[in-house]
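Reading through the structure tokens given below for one structure.
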Amino acid sequence: MADKPNMSLEKNKMPSQAPDVRNKNFLEVALGYTEEQAIDEAKRCLNCPKKPCVGGCPVSIDIPAFIAKVKEGQFEEAYQIISKSSSLPAVCGRVCPQESQCEQRCVRGIKGEPVAIGRLERFVADWHNANVKENPVKPESNGHKVAIIGSGPSGLACAGDLAKKGYDVTIYEALHLAGGVLVYGIPEFRLPKSIVQKEIDGLKALGVKIETNVVVGKTISIDELKDEFGYEAVFIGSGAGLPRFMNIPGENLNGVYSANEFLTRINLMKAYKEDAHTPIKHPEKAVVVGGGNVAMDAARCAKRLGADVTIVYRRTKTELPARAEEVEHAEEEGIKFAFLHNPVEVIGNDGWVSAVKCQVMELSEPDESGRRKPVPIEGKFETIEADCMIMSIGTSPNPLIKSTTEGLDTQSWGGIIADEATGLTSREGVYAGGDAVTGAATVILAMGAGKNAAAAIDEYISNK
Ligand code: FAD
Ligand code: SF4
Ligand code: SF4
């Protein structure tokens, strides 16, 4: 019967490239559901009247409603429901940490696996992109100008919502390509760049202008944008791209990269291609330091360059902050882990990295908070051979905008202080959101912050 629920305890499996094939190419790993698989998965949804899953989605997508449309094969209707709340469904369906958000609240997860909400969202967005060739209609101008700093998910979402309301929006982007972390950080094999480009093309069709190679704070200041260029409001979505280092001896040797630099060279400059303008040394043995998603991405990229890769992490597998799926993918692709290891020195040879000396650690007894801290085992060290070391121990917002904008309040660690609901900063008419405010977080949170700020900017300008 068509409306009989599918009571399988497992999600429909995601068709994927085999591990020993994909670890040698940069093509997308997950291939996406077929229509039959999507409908079958949609039938696992019980259409719960209280919609607990919606409470786990930072932008409150009406999940049961869109899944009900998938169940009926009405994919475009499903897309319309999602796009009421999300501007980037093809992106979020791929990279959202669903297991700790919408899927974590799904009742099917109590006994068995939750409904594959993210995979269904991806299916619907891809179906729309492949089958609906509509040209967005440029809205009539309302005569008001807004500037956006940064073209990551927060800036793109803010720009899109304002452009739909008729604002004259210009995005200023420091890099030569728009998209923020979606193009320079997250690798092609997890998020094809053509998907991001499609979103950007859609914004341009709405009339959004994008000025690349403009570093706000150097090329132009926020005061100039407001006073000389006539922007009535500014949204800062400049992210948190300043890498942290460990400050250990040898960190300045050739072959030591921040994960941001390594990933930017590969994703943005396509350094893995023979004819790339910005080549990268193909490492033989790479050590990646850190345990988050960025570390997994850097390690999987190094693997695809042909390296033997070891991730060095000072705690154990249980404490790894990366998504379980990313860790599993990394392991399947042949990446090794050195748990309870903490680098203390980068050893060099002729100016280049040749090995990484690590202090061996153990976990202490739990403290009052119940947390077990990694502590060194006295006198126990191990050395891992490496000709490349990639530091992936976190990032913070770049201080440039703060240092060139009078009266813009920030936290001690550099995050811009902004109202949670509206994004309003300590400067009138200046709003902020995404990683620049929260520190490194997620695409969906950045997108949500951009949308909230767009609504607040509209209200501010309308009431002026
Ligand atoms: P960003 O995406 O960082 O964009 C900021 C933009 O502003 C950049 O393009 C930058 O060049 C530009 N900019 C900065 N300063 C200036 C200036 N002065 N003038 C002009 N332009 C400027 N999140 C997930 O949800 N899932 C994932 O799987 C995931 N994986 C990740 C993997 C990596 C390698 C990284 C680094 C992050 C990952 N994240 C992931 C986090 C997510 O990408 C970010 O939280 C999100 O992109 C933040 O969006 P944003 O708009 O705040 O900033
Ligand atoms: Fe889940 Fe993310 Fe989609 Fe929200 S946007 S429904 S959290 S996958
Ligand atoms: Fe469907 Fe799960 Fe949401 Fe219930 S909680 S409506 S089963 S997705």
Side-chain angles (χ1 to χ4, degrees), residues 5 42 44-54 56-61 63-68 82 85-86 88-89 91-98 100-103 105-109 114-115 117-122 148-158 171-175 177-187 190-191 211-220 236-241 259-260 263 267 292-298 322-323 326 392 395 397-398 400-401 404 432-450:
R44 294 187 65 232
C45 174
L46 305 176
N47 206 350
C48 312
K50 291 200 174 153
K51 307 181 180 189
C53 47
V54 178
C57 171
V59 295
S60 305
I61 290 177
I63 295 165
F66 101 73
I67 294 182
I82 298 173
S85 315
S86 169
L88 301 168
V91 174
C92 294
R94 285 173 165 80
V95 304
C96 245
Q98 296 104 10
S100 57
Q101 298 184 339
C102 52
E103 293 184 13
R105 308 267 187 104
C106 173
V107 294
R108 294 297 310 263
V115 175
I117 301 168
R119 292 177 188 174
L120 288 174
E121 185 174 327
R122 167 196 163 134
I148 311 272
I149 305 171
S151 62
S154 66
L156 295 178
C158 189
I171 300 180
Y172 292 96
E173 167 55 51
L175 295 172
L177 254 186
V181 170
L182 306 181
V183 293
Y184 81 75
I186 304 181
R190 282 212 295 129
L191 177 62
E211 302 276 346
T212 51
N213 298 313
V214 178
V215 184
V216 176
K218 268 205 160 90
T219 326
I220 193 167
I236 309 172
S238 50
N260 262 21
L263 289 168
N267 294 314
N293 288 321
V294 181
M296 300 304 137
D297 281 343
R323 292 178 63 191
E326 298 306 321
S392 180
T395 55
N398 192 308
L400 182 64
I401 288 181
T404 53
D435 285 7
V437 169
T438 56
T442 62
V443 172
I444 188 74
L445 286 172
M447 193 197 82

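Keep in mind it's a predicted model, so treat the numbers as computed, not measured. Counting starts at 1 for both ligands and their atoms, following the listed order.
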Please work out, at 4.0 Å between heavy atoms, whether the side chain, the backbone, both, or neither of [X] comes within that distance of ligand 1.
| X | answer |
| --- | --- |
| I401 | side chain |
| A446 | side chain |
| R190 | side chain |
| V214 | backbone |

Using heavy-atom distances, let me know which of [options] sits nearest [atom].
| atom | options | answer |
| --- | --- | --- |
| atom 15 (N) of ligand 1 | S238, G450, G239 | S238 |
| atom 32 (C) of ligand 1 | D297, V181, L191 | D297 |
| atom 25 (O) of ligand 1 | V443, N260, N398 | V443 |
| atom 8 (C) of ligand 1 | E173, R323, E326 | E173 |

Distance under 4.0 Å to a non-hydrogen atom of [X]: what atoms of ligand 1 satisfy this?
| X | value |
| --- | --- |
| S154 | 50 (P), 51 (O), 52 (O) |
| L175 | 11 (O) |
| G434 | 52 (O) |
| G237 | 5 (C), 6 (C), 7 (O) |
| L263 | 34 (C) |
| D435 | 44 (C), 45 (O), 46 (C), 48 (C), 52 (O) |
| V294 | 33 (C), 34 (C), 35 (C), 36 (C) |
| G180 | 2 (O), 4 (O), 8 (C), 9 (O) |

Would a distance-only check, ignoring hydrogens and angles, find a side-chain to backbone donor-acceptor pair under 3.5 Å from [X] to [Y]?
| X | Y | answer |
| --- | --- | --- |
| T395 | G241 | no |
| N260 | G185 | no |
| R105 | V54 | no |
| N267 | V183 | no |

Side-chain heavy-atom pair [X], [Y] within 4.5 angstrom cut-off:
| X | Y | value |
| --- | --- | --- |
| I149 | I401 | yes |
| L175 | L177 | no |
| V91 | L182 | yes |
| Q101 | C57 | no |
| I444 | L88 | no |
| L263 | Y184 | no |
| P52 | V107 | yes |
| L400 | V215 | yes |

Who's the nearest protein heavy-atom neighbour of [atom], and how far?
| atom | value |
| --- | --- |
| atom 5 (S) of ligand 2 | I444 CD1, 3.4 Å |
| atom 3 (Fe) of ligand 3 | C53 SG, 2.4 Å |
| atom 7 (O) of ligand 1 | G150 CA, 3.2 Å |
| atom 27 (C) of ligand 1 | V95 O, 3.5 Å |
| atom 18 (N) of ligand 1 | V216 O, 2.8 Å |
| atom 39 (N) of ligand 1 | A441 O, 4.2 Å |
| atom 7 (S) of ligand 2 | Q101 OE1, 3.2 Å |
| atom 2 (Fe) of ligand 3 | C106 SG, 2.4 Å |
| atom 1 (Fe) of ligand 2 | C102 SG, 2.3 Å |
| atom 31 (C) of ligand 1 | I186 CG1, 3.6 Å |
| atom 4 (O) of ligand 1 | G152 CA, 3.4 Å |

Under 4.0 Å, counting heavy atoms only: does P58 come that close to any atom of ligand 2? yes

Mind checking whether V59 has a heavy atom under 4.0 Å from ligand 2?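 It does not; every heavy atom stays at 4.0 Å or beyond.
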
What atom name does the N, O or S atom of E121 nearest to atom 3 (Fe) of ligand 2 carry? OE1

Which is it for L445 and V443 under the side-chain contact (heavy atoms from CB on, under 4.5 Å) test, yes or no, and what are the steps along the way? CA-CA 6 Å; L445 286 172; V443 172; over 6 Å; no

Can you name the atoms of ligand 3, numbered from 1 with element, that are less than 4.0 Å from a heavy atom of [X]?
| X | answer |
| --- | --- |
| L46 | 1 (Fe), 7 (S) |
| C48 | 4 (Fe), 5 (S), 6 (S), 7 (S) |
| V107 | 2 (Fe), 4 (Fe), 5 (S), 7 (S) |

Looking only at distance, does [X] have an N or O less than 3.5 Å from an N or O of ligand 1?
| X | result |
| --- | --- |
| L400 | no |
| A174 | yes |
| C96 | no |

Presence of N, O or S from C57 under 2.8 Å of atom 4 (Fe) of ligand 2: yes

Let's go through E173 and V214 carefully: what are the C-alpha distance in whole Å and the side-chain angles of both, what is the deciding distance for side-chain contact (heavy atoms from CB on, under 4.5 Å) to 0.1 Å, and is it a yes or a no? CA-CA 5 Å; E173 167 55 51; V214 178; over 6 Å; no

Counting each atom of ligand 2 from 1 as listed, which ones have a heavy atom of Q98 under 4.0 Å away?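 Per the distance check, 8 (S).
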
Going by the atom numbers of ligand 2, which of them fall below 4.0 Å from some non-hydrogen atom of I61? 3 (Fe), 5 (S)

Could you see which bit of P52 sits under 4.0 Å from ligand 3, with heavy atoms only: side chain, backbone, both or neither? side chain

Could you walk me through whether C92 and E121 pass side-chain contact (heavy atoms from CB on, under 4.5 Å), step by step? CA-CA 8 Å; C92 294; E121 185 174 327; 3.7 Å; yes

Minimum-distance pair of heavy atoms, taken over all atoms of S154 and G434: CB-CA, 4.1 Å

Mind checking whether I63 contacts ligand 2 via backbone (N, CA, C, O), side chain (CB onward), both or neither, at a 4.0 Å heavy-atom cut-off? side chain

Taking heavy atoms and a distance under 4.0 Å, where does S86 meet ligand 2: side chain, backbone, both or neither?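 No part of S86 is near ligand 2 at this cut-off.
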
Answer with yes or no whether P153 contacts ligand 1, where contact means a heavy atom under 4.0 Å from a ligand atom.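 Judged by the 4.0 Å heavy-atom criterion, P153 does count as contacting ligand 1.
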
Salt bridge flag under 4.0 Å for residues E326 and R190: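 Salt bridge between E326 and R190, a charged N being under 4.0 Å from a carboxylate O: yes.
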
